[in-house]
Structure formats: C-alpha cells, structure tokens
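Residue numbers begin at 1 in each chain, while the letters A, B, ... track the order of the sequences. Atoms considered below: every heavy atom in the structure, side chains included; atoms not considered: hydrogens, waters and symmetry mates.
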Amino acid sequence: MLQIPYIRENKALVISRLAKRNIDATETVNAVIVLDEERRALQTELDNTLAESNAISKEIGVLYTSGQAEKAKGLKAKTSEFKETTKTLNEALNAKIEALNALLYTLPNVPNATVPAGNTDEDNVEIFREGAIPTLFDGALPHWELAKKYDLIDFELGTKIAGAGFPVYKGKGARLQRALIAYFLDKNTAAGYTEYQLPHLVNEASAFGTGQLPDKEGQMYHVTEDNLYLIPTAEVPGTNIFRDVVLNADELPVGITGYTPCFRREAGSYGAHVRGLNRLHQFDKVEILRVEHPDNSYKALDGMVEHVKDLLQELKLPYRILRLCGGDLGFTSALTFDFEVFSTAQDRWLEISSISNFETFQANRLKLRFKNSDGKNELAHTLNGSSLALPRVLAGILENYQTEKGIEIPEVLIPYTGFSIID
RNA sequence: GGAGAAUUGGCAGAGUGGUCGAAUGCGGCAGUCUUGAAAACUGUUGAGGGUCACACCUCCGGGGGUUCGAAUCCCUCAUUCUCCGCCA
C-alpha cells in the first residue's frame, strides 16, 4: 500500500503515473489527503484530552499517597467528563482510520516511469527475443496430445481424484518435473539465493501482507475450518518471512529461492486457452525473491531478468521478454517484466515468469524495514519472480523438442532426468 | 483432543493497581585510559503517531472490559512449554 506522506508530497506524480493504469485516481488521492488531515486533527485532539486526564490521574495518585483522600475524591468527579470525550474522539478517530485505509487499499502501486501506457496485454512492449522457433515435422502435436501419447500426464485421472486442473504426472513426466525443480533450484542457489522450504498454507496476516487480501480472496482456496489459505505462489509465504522485521543494513540484500506447489481457483477461466497445461488449479513453481536497499532495487531487478534469461538460454527454448504496460501491471507492482516461451504447436506465447519490483508497496504493509545510514528505520524494497513456472516450461519442452522419434531432453536436464529421450 | 504453566525492550530477566516506557545483567554505540587492542570506567541505547522543533500521545503476545489511574485485576483469542492421549 502506498505511503500517505508520499501521496501528499507527490500528488501530481501519483495521479499522472496511475493514469498509466487507465485509472483516474484524482478523487481518491484528494480524499486520502483530506481524510489524513482530519485524522491528524482528531489524533491531536484526543492526545490533548488524554494528556489532561493523565495529569489529573497522577495528581489523584499523589493525593492518595499523601493521605489527602478528600481532595482526591473531588478531583475524581472532574475526570468523568474526560471519559466521555475520550471515548467519542477515539471512535471518531478509528472510523476515520478505517475510511482512510479502505481508500488506500483501492490504490495500486505507482508505475515506474518506464512503464508504457496501454490497456491490455497487446500493449506490452517486447524488449528482447531469443532462440529460433523450430520448424516442426508433419504430424507434430500440441503438448496435451504428446502427454497422452507418451503417457506423461493423465489429466482425466486428476479430474477423477480432485477435479479439472489437477493433472497427474506419471513416469518420465513426473521425473521431468522433478528434474526441472532440481535444476532451477541448483541454478538459483548457485546465483546466491538461499533455498527455503515454505508452508503451503498461510494465515490471514500473511495473505494481507503481500496484498492477496482483502481484495483477491476469491482467487485463493480458503480452508475455513482453520482460516488458512492455500498459497497461490511462494511469494506469499516467502515475503512474509520478513513481516515485522527490521534488517541491519549489512544484511541487505537478501535473496531466497523456494519450490512450492501453487493453488489458484481461476474462477471464470474456460475455453481453449486453458487446455492442457496452459492454466491449472495446482502447479509447481520455483520462485526467487529479494529484499533490497531502495537504491539498488532496479539494478537487482535487471539482475533477476539476466538470471532467468540464462535459464532459458540453457534450456534452449525460444522466448521473449515483455515490459508490461500500465493496464497489464499487477496491483502491487511498480515495474514488471514477463517472460514468455513459444508454444510451437499452439502457435502462441505462454507466460512462464513474471519478475517485478514492488518498491515499498509490500514493505509498507509488511513493516519490512532496514536501518539506514542515519540509524533510522526505512522501508526496504521487495522483488520477486518465477524461475520458473513448471507447466508451461514443460509444455514448451514437449512441443519444441518433439521429433519423429520422440521427445528429446534439453542437454542441461539429462543429468537430472537420467534419460535423454522420451519415446 | 484433555490438564497445567507461561508470553515484558536485541537477548536474559525483575516488576501483582499510582511518579513504570519499565530495575538489573548481557549485547550495541560513543567517550576516557592505551602506541594500538583488550580489560576497566563513564555516558548512551525500543517502536509508532504528532510537531518547523519541542511538548504531548500510544505500545509490556492480539482484542475487549473494570478503574480517576492497568505491565499489574477480569474476559477472550493466539502462541510457546510440560504431562497425558493419538500419530507420519
């Protein structure tokens, strides 16, 4: 969530930048500023009342200990009016804070200056492309057909056990999944990220901390009995490691990586684009996550992009990088690069990674701070990205590496799979 | 799941209704001493709100209550520990 002093001091900038998301925030921003002024006025009034009442209470205490009970009783009578005033002011203040927060929760992060204007994913700007798109032989298949032909994934079985969108990986299909997870984790740890195994369910405070609540609860599976949420991404438990944490400056930067399954309800998604591995309720993902000094966060973002490029280069998959436009930018992000791998048989690009700088937007909610050079607590920047999301990488491998003899395995994965072809 | 105990500042640990944001120790920071370091000694050292800056206000696991006044009393929730039960 945005910081009020920042909104106050950069009002015009906030409004013009939010316009990149195609929202007119003028009214909300103005209302936030007014509500905040009113909040401070109420706070001051309450504080002054409390100060007066505290002073009298102290006096009463002194009178009692010095044996002047009668005088004390007289003062007691005087304090009753304070109680009423305090109560009223307190309620007014809380109502004001609630109204203020309700508005703040509706404001998304301020896009970075380099975010292009635009409405939909069609306005995203391609900034990099690499890897030749293979020309497939006659009779080449989409990945869901390949998965069936080589008995790698059983979608129907998953439907029987759980429901649509819960695939069952079998044999070499399962092994390939495990290989990818191990390969990604090895690459990430080699790049300096510390490996974590995180809870797959989180509490309300965590879901709030990374911004899934209060708005996007419909996208998460909710275990009502225990009021826990299944994670939609490792970002949630991973970033909440740092909730209410003050880091020393020399502890920055922090880089962590973790593999988790991800659960998404994806309510309302149907049709051809959800075929096969394209969109699932449960999928595997390896995530990288950083906590950075504000001065370094954009450099770190570039570093993460380079790191993911390296993975795709090694896997020899055709991919491109997009700079997301304002309209396609996530609620909490200031700048996002998407990676897409080309699905040859489907003739379309599939998103496999999304790397974002959230600046202080998450840190503000999380109260994630560091001691700056003045010895003051300052909000840190958080970043994260997938490295990588498994299903669409798998789809890309199956489709792009298919030959008439079978599916070849990318060379870097062979040490992990133990086989070099699926036939 | 049942019974009991606990939750205080970076850590340890006092504090059972009044001047307690909180003793003391450790740690951190600054200084004295020293060629330098250590030791010793002296001072300092939580967070948030608010203010030009002060003042002032809030916070002793979370929430609510009693009282003129709560770290201290009551209710409730959470967490941790011990014992019992169950169990990968």
Side-chain angles (χ1 to χ4, degrees), chain A residues 1-9 32-101 103-104 197 199-209 213-214 222-229 237 240-252 254 261 291 360 362-380:
Chain A
M1 118 176 109
L2 295 175
Q3 299 171 82
I4 292 171
Y6 179 82
I7 295 176
R8 201 193 310 141
E9 286 155 31
V32 163
I33 292 171
V34 170
L35 281 172
D36 180 53
E37 273 167 17
E38 291 171 354
R39 191 217 98 222
R40 297 208 310 272
L42 279 170
Q43 181 81 62
T44 305
E45 206 180 339
L46 174 64
D47 286 356
N48 291 340
T49 311
L50 284 173
E52 248 184 282
S53 143
N54 284 347
I56 291 176
S57 290
K58 260 185 193 176
E59 215 177 309
I60 292 175
V62 172
L63 288 174
Y64 268 119
T65 45
S66 62
Q68 296 172 269
E70 280 308 308
K71 263 190 165 175
K73 272 182 190 160
L75 277 181
K76 263 196 201 181
K78 231 176 130 183
T79 56
S80 57
E81 63 188 273
F82 284 119
K83 286 199 111 174
E84 205 47 46
T85 319
T86 307
K87 202 183 162 196
T88 312
L89 283 172
N90 215 350
E91 279 165 6
L93 180 64
N94 285 335
K96 196 63 74 182
I97 290 170
E98 231 170 86
L100 187 53
N101 281 338
L103 273 190
L104 277 178
Q197 285 202 17
H200 301 166
L201 281 83
V202 294
N203 58 28
E204 230 174 359
S206 293
F208 179 80
L213 295 180
H222 186 195
V223 182
T224 52
E225 179 86 16
D226 300 290
N227 199 24
L228 295 170
Y229 295 86
N240 274 283
I241 292 171
F242 303 101
R243 175 154 44 87
D244 292 318
V245 166
V246 180
L247 294 162
N248 289 320
D250 62 11
E251 291 176 278
L252 292 174
V254 177
V291 180
T360 58
Q362 289 182 328
N364 191 27
R365 275 204 198 179
L366 292 163
K367 297 198 177 65
L368 162 52
R369 295 159 296 174
F370 70 99
K371 288 254 178 254
N372 67 19
S373 50
D374 296 332
K376 291 272 200 286
N377 291 343
E378 184 180 337
L379 292 176

Between A:Asn48 and A:Glu52, is there a side-chain donor-acceptor contact under 3.5 Å, judged purely by atom types and distance?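 A:Asn48 and A:Glu52 do not have a side-chain donor-acceptor pair below 3.5 Å.
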Answer with yes or no whether the side chains of A:Ser206 and A:Asn203 bring together a donor and an acceptor at under 3.5 Å. yes
Rounded to whole angstrom, note down the [atom1] distance from [N] over to [M].
N     : M     : atom1 : result
B:C68 : B:U76 : P     : 24 Å
B:G62 : B:G10 : P     : 13 Å
B:C60 : B:A37 : C1'   : 40 Å
B:G15 : B:A6  : P     : 13 Å

Just checking A:Leu50: base, sugar-phosphate only, or nothing, at a heavy-atom cut-off of under 4.0 Å? sugar-phosphate
What nucleic acid atoms does A:Lys376 come within less than 4.0 Å of, heavy atoms only: base, sugar-phosphate, or nothing? nothing
Send over the distance from [X] [atom1] to [N] [atom2], rounded to a whole Å.
X        : N     : atom1 : atom2 : result
A:Glu204 : B:G63 : CD    : P     : 15 Å
A:Leu89  : B:C56 : CG    : P     : 20 Å
A:Leu379 : B:G48 : CG    : P     : 10 Å
A:Asp244 : B:A47 : CG    : C1'   : 11 Å
A:Glu38  : B:G50 : CD    : P     : 15 Å
A:Ile56  : B:U67 : CD1   : C1'   : 15 Å

The side chain of [X] lies closest to which of these nucleotides: [options]?
X       : options             : result
A:Ala51 : B:C57, B:G48, B:G49 : B:C57
A:Ile60 : B:U67, B:G48, B:G18 : B:G18
A:Tyr64 : B:U19, B:G18, B:C57 : B:G18

Counting only distance, no hydrogens or angles, is the base of B:G69 paired donor-acceptor with the side chain of A:Asn54 under 3.5 Å? no
So which nucleotide does B:G43 pair with, by the Watson-Crick or G-U wobble rule with both distances under 3.5 Å? B:C29
Taking the nucleotide of RNA chain B with the closest heavy atom to each, which residue, A:Thr44 or A:Gly61, is nearer the 5' end?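 So the residue in question is A:Gly61.
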What's the separation between atom NZ in A:Lys371 and atom CG in A:Asp250, rounded to the nearest 0.5 Å?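 If we round to the nearest 0.5 Å, A:Lys371:NZ and A:Asp250:CG are 12.5 Å apart.
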Begin from the C-alpha positions of A:Lys96 and A:Glu38 and carry the test salt bridge (charged side-chain N to carboxylate O under 4.0 Å, His left out) through to its verdict. CA-CA 8 Å; A:Lys96 196 63 74 182; A:Glu38 291 171 354; 2.8 Å; yes
